[in-house]
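What follows is a short report on a single structure.
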Amino acid sequence: MTIQAIDIDYSIGSKKILSNIELEIHPGELHVLIGRNGAGKSTLFHMLCGDVYPEKGNLYLDGIELRNYSKSQLAKLRAVLTQETNITFPIHSEAVIALGRHPHVTDIQRDKEIVQTCLKITDSIEQREQNYATLSGGERQKINFGRILAQAWETPPRYIFLDEPVSALDIPNQYKTLNICRHMANQGYAVFMILHDLNLAAQYADKVTLLHKGSIVKSGKPNEVLTIENLETAFGIKTRILNAPEGNFIIPEIIGETI
């Protein structure tokens with residue numbers, strides 16, 4: 001049950017946003033998309049979620065064109081965390097997480113247990129009865145992550161899409177969130193996310209895709225993608241590559257700009 005993007009192009013007006021994209025998302029993998037602002041990451045992200053369709057090429061989920069799935073079918077198969085979640089009415093944090101259970105037909109008691117589990121693993125128990133509008137940015141991000149987990153909380157394979165899931169979080173919560181993502185991938189879920197922190201991408205990803213000006217520079221294992229040459233091509237920076245103490249990871253360290 002793989003998501004495949006085959007020879008994808010996409011433009012807005014006369015501006016080419018994505019060109020010749022070939023990409024696969026597999027269950028059991030944590031796949032990180034990286035690149036500069038304006039590289040086309042968000043467009044590709046929403047396309048793989050089934051929210052945007054290519055002008056050329058094909059998108060498949062389990063061998064069926066993604067556009068042939070209804071929104072309700074997709075909601076059962078994949079959960080999507082965007083950068084902004086606008087909730088304008090008063091609602092408790094626990095109820096926000098419970099929204100993730102709406103696509104599924106299940107029993108009320110099981111839904112409640114799942115919501116409680118998601119509150120607990122995101123360290124959000126203290127905020128459960130707090131009005132969502134009064135939460136800090138980081139607290140909101142944790143609650144929305146809990147909502148996504150609640151939606152995906154069915155037998156894998158399922159797909160979890162996260163657009164900058166740690167952007168508003170402090171360092172302990174960044175690692176907490178990514179450890180949960182790592183666990184979900186290990187359990188057979190497909191986790192696809194946009195990250196800006198190259199060190200976190202190197203530490204946690206099974207696969208990294210580097211995007212530059214709408215095209216894929218390289219897609220593969222972190223140590224294959226996060227090279228001095230590739231990072232200079234995509235980001236215009238010089239780096240030093242350090243071996244992490246654990247081995248198997250490449251840690252980029254920015255030491256100066258070339259432009």
Side-chain angles (χ1 to χ4, degrees), residues 25 29-39 41-46 48-49 51 74-75 78-103 111 114-154 158-187 189-205 208-209:
I25 301 175
E29 284 187 350
L30 198 162
H31 190 152
V32 175
L33 181 65
I34 61 173
R36 295 185 78 157
N37 295 336
K41 298 188 303 300
S42 291
T43 300
L44 179 56
F45 177 91
H46 288 290
L48 294 168
C49 294
D51 296 330
L74 285 177
R78 59 98 176 100
V80 183
L81 177 65
T82 57
Q83 290 185 42
E84 295 183 8
T85 302
N86 295 317
I87 298 177
T88 58
F89 53 90
I91 184 172
H92 287 171
S93 298
E94 184 174 359
V96 173
I97 291 180
L99 291 173
R101 296 304 304 156
H102 283 196
D111 286 343
I114 291 170
V115 170
Q116 294 309 307
T117 299
C118 292
L119 278 165
K120 183 184 243 183
I121 65 178
T122 57
D123 290 334
S124 300
I125 292 291
E126 291 184 6
Q127 289 77 39
R128 63 191 297 179
E129 295 183 358
Q130 189 172 341
N131 185 339
Y132 176 84
T134 67
L135 298 176
S136 70
E139 288 170 336
R140 290 186 190 186
Q141 194 158 33
K142 290 199 296 179
I143 292 296
N144 281 303
F145 181 52
R147 173 175 55 81
I148 296 309
L149 292 176
Q151 184 178 345
W153 207 274
E154 298 294 319
R158 308 279 164 164
Y159 293 84
I160 299 172
F161 287 90
L162 308 167
D163 190 352
E164 299 186 38
V166 300
S167 59
L169 300 180
D170 57 27
I171 292 173
N173 279 303
Q174 288 182 18
Y175 281 95
K176 173 84 172 179
T177 296
L178 292 172
N179 283 335
I180 294 169
C181 292
R182 178 69 269 165
H183 174 76
M184 298 298 282
N186 291 344
Q187 296 303 306
Y189 294 84
V191 182
F192 184 86
M193 69 176 70
I194 295 174
L195 285 180
H196 283 293
D197 190 316
L198 302 180
N199 290 311
L200 292 177
Q203 281 182 265
Y204 282 94
V208 174
T209 295

Sequence neighbours excluded, the answer for side-chain hydrogen bond (donor to acceptor under 3.5 Å, both in side chains) partners of Asp111 is Arg101

Determine the minimum heavy-atom distance between Leu74 and Cys49, stating which atoms define it.
CD1-O, 4.0 Å

Is any side-chain heavy atom of Thr82 less than 4.5 Å from a side-chain heavy atom of Phe161?
no

Spatial distance of atom CD1 (Ile97) from atom CD1 (Ile148) [nearest 0.5 Å]:
10.5 Å

Backbone of Arg36 reached by a side-chain donor or acceptor of Lys41 within 3.5 Å
yes

Please give me the minimum heavy-atom distance between Val32 and Ala201, naming the atom from each residue.
CG1-CB, 3.8 Å

Just by distance, with hydrogens left out, do Ser167 and Gln141 show a side-chain donor and acceptor under 3.5 Å apart?
yes

How many angstroms lie between CG in Leu200 and SG in Cys181, if you round to the nearest 0.5 Å?
11.0 Å

Measuring from Arg182:CZ to Tyr175:OH, what's the distance to the nearest 0.5 Å?
15.0 Å

Hey, what do you get for NE2 (His92) to CD (Gln130), rounding to the nearest 0.5 Å?
9.5 Å

Taking the side chain as C-beta and beyond, is there a heavy-atom pair between Val166 and Asn173 under 4.5 Å?
no

Indicate the atoms forming the closest heavy-atom contact of Gln174 with Leu169, along with that distance.
NE2-O, 3.0 Å

Counting C-beta onward and ignoring hydrogens, is there a side-chain heavy-atom pair between Met193 and Leu81 closer than 4.5 Å?
no

Sequence-distant partners of Asp163, salt bridge (charged side-chain N to carboxylate O under 4.0 Å, His left out), two or more places apart
none

Pairwise side-chain contact, Phe145 with Ile180, heavy-atom cut-off 4.5 Å (strictly under):
yes

For Pro165 and Leu195, the nearest pair of non-hydrogen atoms, with its separation, is CD-CD2, 4.2 Å

How many angstroms lie between CG in Leu162 and CZ in Phe192, if you round to the nearest 0.5 Å?
10.5 Å

Which pairs, with at least one residue in residues 138-150 and sequence neighbours excluded, count as a salt bridge (Lys or Arg N to Asp or Glu O under 4.0 Å)?
none

For Ser124, what residues pass the side-chain hydrogen bond (donor to acceptor under 3.5 Å, both in side chains) criterion, not counting sequence neighbours?
Thr122

Under the side-chain hydrogen bond (donor to acceptor under 3.5 Å, both in side chains) test, residues paired with His196 that sit two or more places apart
Glu164

Report yes if the side chains of Tyr189 and Leu149 come closer than 4.5 Å at any heavy-atom pair, otherwise no.
no

Distance-minimising heavy-atom pair for Gln151 and Ala75:
NE2-O, 2.9 Å

Residues that Gln116 engages under side-chain hydrogen bond (donor to acceptor under 3.5 Å, both in side chains), provided they are two or more places apart
Glu94, Arg128

Rounding to 0.5 Å, atoms CG (Leu33) and OG1 (Thr209) come to a distance of 6.0 Å

Going by atom types only, do Tyr204 and Asp197 share a side-chain donor-acceptor pair under 3.5 Å?
no

Give the minimum heavy-atom separation between Cys118 and Ala150, together with the two atoms involved.
SG-N, 3.6 Å

